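What follows is a short report on a single structure.
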Number of protein chains: 2
Amino acid sequence: MVVKIIKRPFVNPKMMGEMIRQQIRATLYRVKESTKVELAQSTGISFPTISKTLDEMNDSGEVLLTGLGLSSGGRRPRTYKLNPDYMTGLAVCLEKDFSSYLILNYEGDIIGRETLPGVLQAGPELLTEQIGIFLARFPSMRVLTLGVPGAVNNGRVSHMPDYERFKDFNFRTFYEERFSLRVQVENDMNTTVIGYYDSIGSDDSLSLVYLYLGKNGPGAGIIVNGHVVRGGTFFSGEVSYVPLSDTQNFMQMIDAASAIQDSNQSRSKLMEAISRLVAVFTATINPHIIIFCSTELTNLDLVQIRNRGASLVPEENLPKLVVSDWKQDYFHGLHQLTVGSMLAAD
Amino acid sequence: MVVKIIKRPFVNPKMMGEMIRQQIRATLYRVKESTKVELAQSTGISFPTISKTLDEMNDSGEVLLTGLGLSSGGRRPRTYKLNPDYMTGLAVCLEKDFSSYLILNYEGDIIGRETLPGVLQAGPELLTEQIGIFLARFPSMRVLTLGVPGAVNNGRVSHMPDYERFKDFNFRTFYEERFSLRVQVENDMNTTVIGYYDSIGSDDSLSLVYLYLGKNGPGAGIIVNGHVVRGGTFFSGEVSYVPLSDTQNFMQMIDAASAIQDSNQSRSKLMEAISRLVAVFTATINPHIIIFCSTELTNLDLVQIRNRGASLVPEENLPKLVVSDWKQDYFHGLHQLTVGSMLAAD
DNA sequence: ATAACTTATTAAACTTCTTTAATAAGTACC
DNA sequence: GGTACTTATTAAAGAAGTTTAATAAGTTAT
């Protein structure tokens, strides 16, 4: 229901304890180190509750007493932080030619990274083997986050045409049953746009489009009102198919552009295609920002796109156009998803 | 933050009372009449709490004891319902040539409807006067919902080019201060898509596009993941501007179509334009459903659009295409927004 | 019509968070 | 170095929901 008639998202006293722990975890993650008073202020929870809960978390080893903070004229307060060794998380980026592994501690720090051979063509067995290695090395591993180049639905592959061995593979149930891990799987472009969204750290719910013009054909990750758009058939962001001219869709247009000999003309045709796609997004979901890969476009290109775009839609409605580092945003997304999964614990 | 690290949407014991009342209201609105036991079951709240809260709501006149329910072998339970006279809401549809008023009681029933002269060209004074009439006639009026043909941002007009007198007019502050009403303002297409979304009564969060090819140029109302898309500059759904061919955008394409003499050819060009727009939405946000106005298209047209669309994007990703009654959905949206506003009370 | 049985309602005990008061542990100044 | 002042921490009282037990009000069947 759009209409704000609540259905059942209710909070009873029993859940409050866990919610309070979540608030504490999230705050400690943000600020790294804090006193009980500071936690009470920044969470809005009463001091005694914070004190009691934090003591419990200290007893269970989830947080550590780090010492005493600065005095502001009276007794010096004890400071606490998340215990980095409380839990470990594994973030995995699966690509055709390699698998990138990131090992994160409970504070969100990267305590290990490794690149192993690609598993997408080989099949799940090799992936299981690779994960097994890390699991053996880090017994406190509790969460697993996978970024994959394909459509996933609730942990299960729903469309990944190039990799037959993973057809319909359910990452979540497979690894949650086999190892006792909390498993998350996300599409690569969605992960990237999540990473970018998190990195700009805006708390109001924005709409963004992260555009990628890769070798495997272009694609986009979309966030609307702060939520990832997965689409009715997990086909969202497949912008290759957007019809933009009498005879060509977006992919055909950029393919045609790159086929042109004259490099100026080729570039100009590419710019035209992108400008049109920008106009399409502006006149439909009207995002705040569209992000391009810095390896593909320069800031100068953006000016050109903006100018051309302004001839298609009223300029004041054009989104902010920015370039960003795809790989970095992707990994940041994986990182944040993994941390989020660890901190949502219990 | 996309990453599920909570920021501050927290519930403390003080707010629980109000949340419980909300649950009770929402449930009573849905089921019309209920016993305490039934309410406890359907809300998941404990019986004593329901009992206490409902007694208070009965004392304050918010609910009424309607009698005794059926026995299932023991003492017959008392049944309660919302008191229709507890509060009144006014839903207003503002158009160029007329203003439609719907008066709703607290049960959501329409207890009056009236059409008065249009106010958009005349200016706010006339609207104030019209609202004043209803306010005098229904002293228990507490909420006001306005549907307007233009972009609004948090109760304030942000773009309504055809009606100068309402430029930047802040409906919300104006009427909340002048009369003591809770005021909501929503764009007409957004209201319509809300109405449709509510009418299909799905609880999972869908994505929909409601397409209107009106006299004032086409427009669309968009819901993604169950939330209305307003856009970064409140320009979302302005599909006129979507570039679809070498030289034409959507509006120019349908204008060109209607300019063609041969009616078959004209229709076919229109279908082509719509099919392309369907492909655009499919390859971007990939909605579950696209809704067309039944006054503009027939079910037969939809078949044609689907066929043509399937040549642009993989058919299995095409949304469900349906026709619906625009006016009805619009009014249902206004209705539901008004009821939602009444029930969210306090 | 009354006894036995069901079910609704009320009451009491318990849990959990908040608010307010009391105590303990430092600082700073004379 | 002791006294007055600050601030952290602990303890007690209050508020609000849940769970469990007790009571009241009807039904059903003999």
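This is a predicted model, so every value here is computed, not measured. Residue numbers begin at 1 in each chain, while the letters A, B, ... track the order of the sequences.
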Residues B:Arg25, B:Glu18: salt bridge by 4.0 Å N-O rule: yes
Nearest-nucleotide pick for B:Met16, side chain only, options being C:dT19, C:dC17, D:dG17: D:dG17
All side chain to side chain contact (heavy atoms under 4.5 Å, CB included) counterparts of B:Phe174, not counting sequence neighbours: B:Thr128, B:Phe169, B:Arg178
Length of the CD-P vector between A:Glu56 and C:dT15, whole Å: 14 Å
Spacing between A:Glu18 atom CD and C:dC17 atom C1', to the nearest angstrom: 16 Å
Side-chain N or O of A:Ser51 closer than 4.0 Å to phosphate OP1/OP2 of D:dT9: no
Spacing of B:Glu38 atom CD relative to C:dT9 atom P, expressed in whole Å: 11 Å
Phosphate OP1/OP2 of D:dT9: any A:Lys36 side-chain N/O under 4.0 Å: no
Euclidean distance, atom CE of residue B:Met19 to atom P of D:dA15 [Å, nearest integer]: 22 Å
A:Ile45 CD1 - C:dT16 P separation (whole Å): 16 Å
Salt bridge present between A:Glu107 and A:Lys81 (N-O < 4.0 angstrom): yes
From D:dT20, C:dT18, D:dT10, nucleotide with atom closest to A:Thr49 side chain: C:dT18
Closest to the A:Ile20 side chain, choosing from D:dA8, C:dT18, C:dC17: C:dC17
Interatomic distance, A:Met15 CE vs D:dA16 C1' [rounded to whole Å]: 17 Å
Closest listed nucleotide, where the reference is the side chain of B:Phe47 and the choices are C:dT19, C:dT10, D:dT18: C:dT10
Per B:Arg78 side chain, nearest of listed nucleotides C:dT10, D:dT9, C:dT19: C:dT10
Interatomic distance, B:Leu39 CG vs D:dT18 P [rounded to whole Å]: 13 Å
Note, A:Asp55 side chain near A:Tyr80 side chain (heavy atom, < 4.5 Å): yes
A:Lys52 side chain, from C-beta outward: closest of D:dA8, C:dC17, C:dT19: C:dC17
Parallel, tilted or perpendicular: rings of A:His227 and B:His227 (30°, 60°): parallel
Short side-chain N/O contact from B:Ser46 to OP1 or OP2 of D:dT19, under 4.0 Å: no
B:Gln41 CD - D:dT19 P separation (whole Å): 14 Å
